[in-house]
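For reference, the structure discussed in these notes is given below.
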Amino acid sequence: MSTDGTQSGTVPRTGQVVVVGSANVDLVVDVPRHPGGGETILGGDLRRNPGGKGANQAVGAARAGGAGTTFVGALGHDDAADLLLASLDGAGVRTDLVERVDVPTGTALITVSPDGENAIVVAPGANSHVSVGAAQAERIAAADVVLAQLEIPLDVVRAAAAARRPGALMVLNAAPSRDLPRDVWDAIDVLVVNEHEAADLAGATGDADPSTLAALLLERVPAVVVTLGREGCLVAERRADGPQLTTVPATPVEAVDTTGAGDTFCGVLAAALARGADLPDAACLAAAAGALAVTRPGAQDAVPDAADVVALAQRTAHPAPRA
């Protein structure tokens, strides 16, 4: 399946994204360093922020990507759910298909070190009860891009992929990493992973470089984006004349908190693809959004505005095909 929106005989793209995924309240503590096993350290004040990979990506697609975005997820009947709904609504995300269930809203416990790196433990809560019913399937069928992650049950990812219309793209951010069955692999149009997730999914051992990992993953999916943190990302696509690898450089910034940067990247990537951008250009916008996100604390609170993303992307280097 093409990722450039040029397929003949398909419904024209309208820029609509549906994000199917998790929503968590983030409990964040700044620490001088991440603790080791059995160790207790003193941190800073506790912060309570809206988060969760799915909700973060929905905010990224809507605010930083400028796409019409629906979030499909599940929340409890608690004040954490109220916090998340307020954040999603404030970013312009449609939340009418979010279900309320009789378990607590998901919670993420996050420590952030002085260099902005984070360590996260998630209690899924309501995220284990996300479902794709008739109303959700109808909205998915009207979307140009469906974006999912792996903080929700695999059956939900399957159902979301099955509900999309011909020509729509299924983008999977395979995080946190887990084994994927063949039918899920077959449903993916664009796979987004970091280096660790790429190595896990590729079954690579040792210090395989990103190009090698991407080539291995292209045996399973049509297109792969491997995010490389401060080094940008690598885009790999199947072509009739062989694999095409494109390097997208990162913009140097002073990192404050990396918690939601990858999710912002995914949301903007989905938004750009929904408007018909090719994958390298979509990744360039996504990289700019991710760079801006790390300069601010929090996850959804750190998602930049679309105008700032476009301005930064225009000032940075364009994607460069590899020989």
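Values below: all heavy atoms of this structure, side chains included; hydrogens, waters and symmetry mates excluded. Keep in mind that this is a model prediction, so the values were computed, not measured.
The pair R94-D96 counts as a salt bridge, with a side-chain nitrogen and a carboxylate oxygen less than 4.0 angstrom apart. Salt-bridge formation is not detected for the pair R47/D301: no Lys NZ or Arg NE/NH1/NH2 atom is positioned less than 4.0 Å from an Asp or Glu carboxylate oxygen.
Of the possible polar contacts, none joining the D263 side chain to the G54 backbone as a donor-acceptor pair under 3.5 Å is found. Side-chain N or O atoms of D26 include none that pairs as donor or acceptor with a backbone N or O of V28 at under 3.5 Å. Checked by atom type and distance alone, the side chain of R238 pairs as donor or acceptor with a backbone atom of V221 at under 3.5 Å. At least one donor-acceptor pair under 3.5 Å links the side chain of Q136 to the backbone N or O of G133. Under a 3.5 Å cut-off, the side chain of H34 and the backbone N or O of E117 do form a donor-acceptor pair. Distance alone, capped at 3.5 Å, is enough to place a donor-acceptor pair between the E151 side chain and the K53 backbone.
Looking only at side-chain heavy atoms (C-beta outward), D102 and H77 come within less than 4.5 Å of each other. Side chains of L85 and R100 form a contact here, defined as non-hydrogen atoms less than 4.5 Å apart. With contacts defined as side-chain heavy-atom distances shorter than 4.5 Å, the pair L75/D82 does not qualify. R63 places none of its side-chain heavy atoms less than 4.5 Å from the side chain of T264.
Side-chain polar atoms of Q16 and D144 form no donor-acceptor pair below 3.5 angstrom.
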